[in-house]
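For reference, the structure is listed below as structure tokens.
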There are 2 protein chains.
Amino acid sequence: MENADIESRALDAAERLFYEHGVQAVGMDRVRAASGLSLKRLYQHFPSKEVMVEAYLRRRDRRWRAALAEHVAHRPAGRDRVLAVFDWLHVWFGEPDFRGCAFLNAFGEMGTGSAAVAEAVREHKAEVREFLLHLALDARTEDPELLADQLAVLVDGAIVTAAVTGTPEAAHRARAAAEALIPATGRPWTGR
Amino acid sequence: MENADIESRALDAAERLFYEHGVQAVGMDRVRAASGLSLKRLYQHFPSKEVMVEAYLRRRDRRWRAALAEHVAHRPAGRDRVLAVFDWLHVWFGEPDFRGCAFLNAFGEMGTGSAAVAEAVREHKAEVREFLLHLALDARTEDPELLADQLAVLVDGAIVTAAVTGTPEAAHRARAAAEALIPATGRPWTGR
DNA sequence: TAGCCTAGAGAACGATCGTTCTCTTCGCCA
DNA sequence: TGGCGAAGAGAACGATCGTTCTCTAGGCTA
């Protein structure tokens with residue numbers, strides 16, 4: 001078996017378990033059972049649980065942002081594309097295994113205990129904010145930096161609200177708020 | 001020693017430890033050492049760790065909402081009072097021991113593992129949303145229910161963003177977003 | 001003062017944690 | 001075919017988890 005296959009299998013199991021139950025609640029033996037790999041092999045590729053958690057978060061970050069980017073790319077650049085972020089969130093919130101933000105959950109658990117995990121979470125949030133900044137720039141808004149920060153707050157707020165309430169409605173509320181933050185000119189990308 | 005004193009001492013230690021390090025990362029023996037109480041006494045008042053965690057969350061909920069309400073009560077009812085919520089958040093975010101939302105952190109850790117904890121978190125968020133609804137009603141806004149939902153999203157978004165970034169700036173961004181959501185009439189509470 | 005009852009501290013329990021080690025099995029090359 | 005090296009499963013390690021139990025010390029009553 002290839003190294004990449006092994007790591008993929010391990011992270012598939014780790015992601016499912018860590019995301020559903022939390023990191024601390026899942027032991028390495030449970031990852032072993034779910035992945036079908038031996039403990040020895042797991043520790044060959046991830047020298048400690050902390051490394052595995054970090055790898056889980058970094059892979060999820062790439063996939064999560066890629067899925068979001070892929071979704072909004074289908075809309076024309078500008079205001080619509082910004083709002084499409086919240087449509088994508090709404091779909092995600094409705095998935096049966098949705099359990100909030102994996103990064104915020106991990107940060108809450110291990111933020112003070114693991115610098116590596118905390119850094120991975122910070123980087124994820126910074127990347128998302130960067131992505132939102134690009135959308136804000138494309139929409140030719142007055143203050144793209146401010147809008148990016150505000151969108152980031154709305155996105156995270158919607159995620160945690162949806163997780164706690166158990167309904168995807170927060171995405172619609174956040175979308176409506178975002179609409180109020182973006183000047184609704186007819187063709188915002190042409191300048192004025 | 002009175003029962004109330006014992007529970008207070010226990011919860012003081014539990015709150016400090018659980019909030020700083022997370023619930024799962026802190027053992028009962030650590031609560032015992034920090035509180036100066038015996039393990040036996042702790043279990044007399046809290047028959048299990050889960051009960052203690054729930055008590056910690058419920059007491060923190062009361063104090064947190066009381067502190068917020070006390071702060072905004074100093075502003076005149078209406079738009080200013082809504083925005084004062086974010087000023088209070090900014091002060092909170094700047095405190096050295098700020099580590100995000102105790103409820104969201106606990107929910108991420110034990111949301112699927114403890115129904116009692118999950119319920120306490122849901123109730124806290126519902127109470128906060130109810131408080132925001134009262135502010136929205138006092139501000140005579142067009143759609144108070146929608147505004148309350150949006151403010152709740154902004155509040156939670158600001159909290160988690162401040163926790164991850166380590167700066168209180170998110171409160172200002174959320175406040176600016178809230179300003180855009182509230183029609184800036186001269187005296188909004190008079191109707192129009 | 002003698003005996004009893006409560007409550008204290010913390011040792012100990014079984015389970016499980018992250019991690020390591022042993023022991024067996026299997027495939028490869030001379 | 002016989003011997004060797006790598007890799008498999010899972011037992012075992014010490015630590016720590018939540019929880020319970022033991023043992024001792026002290027205050028109250030007769």
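Order of the sequence lines fixes the chain letters, A, B, ..., with proteins taken first and strands second; residue numbering starts at 1 for each chain.
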Could you check how far CE of A:Met28 sits from P of D:dG14, rounded to whole Å?
20 Å
In whole Å, I'd like the distance from the OH atom of A:Tyr43 to the C1' atom of C:dT22.
17 Å
Polar contact flag, side-chain donor to acceptor under 3.5 angstrom, B:Arg30-B:His21
yes
Can you tell me the distance, in whole Å, between the CZ atom of B:Arg30 and the P atom of D:dT16?
11 Å
Over how many whole Å does the gap from A:Leu39 atom CG to C:dC21 atom P extend?
13 Å
Look at all strands and tell whether B:Val26 reaches a base, only sugar-phosphate, or nothing, counting heavy atoms closer than 4.0 Å.
sugar-phosphate
Please work out which of the three classes, parallel, tilted or perpendicular, describes the rings of B:Trp88 and B:Trp64, given edges at 30° and 60°.
perpendicular
Looking only at N and O atoms, is any donor in the side chain of A:Lys49 or the base of C:dG18 less than 3.5 Å from an acceptor on the other one?
no
Interatomic distance, A:Leu17 CG vs C:dC17 C1' [rounded to whole Å]
16 Å
Minimum-distance nucleotide to B:Arg41 side chain [options: D:dT19, C:dG8, D:dA9]:
C:dG8
Length of the line joining B:Leu42:CG and D:dC21:C1', which is rounded to integer Å:
16 Å
Determine the sole option in A:Arg63, A:Arg59, A:Arg65 for which the side-chain hydrogen bond (donor to acceptor under 3.5 Å, both in side chains) test with A:Asp61 is passed.
A:Arg65
Nearest-Å distance for atom pair NZ/P, residues A:Lys40 and D:dG8:
7 Å
Atom CG of B:Leu37 and atom P of C:dG8 are separated, to the nearest Å, by 9 Å
Angle between ring planes, A:Phe98 versus A:Phe93, binned at 30° and 60°: parallel, tilted or perpendicular?
tilted
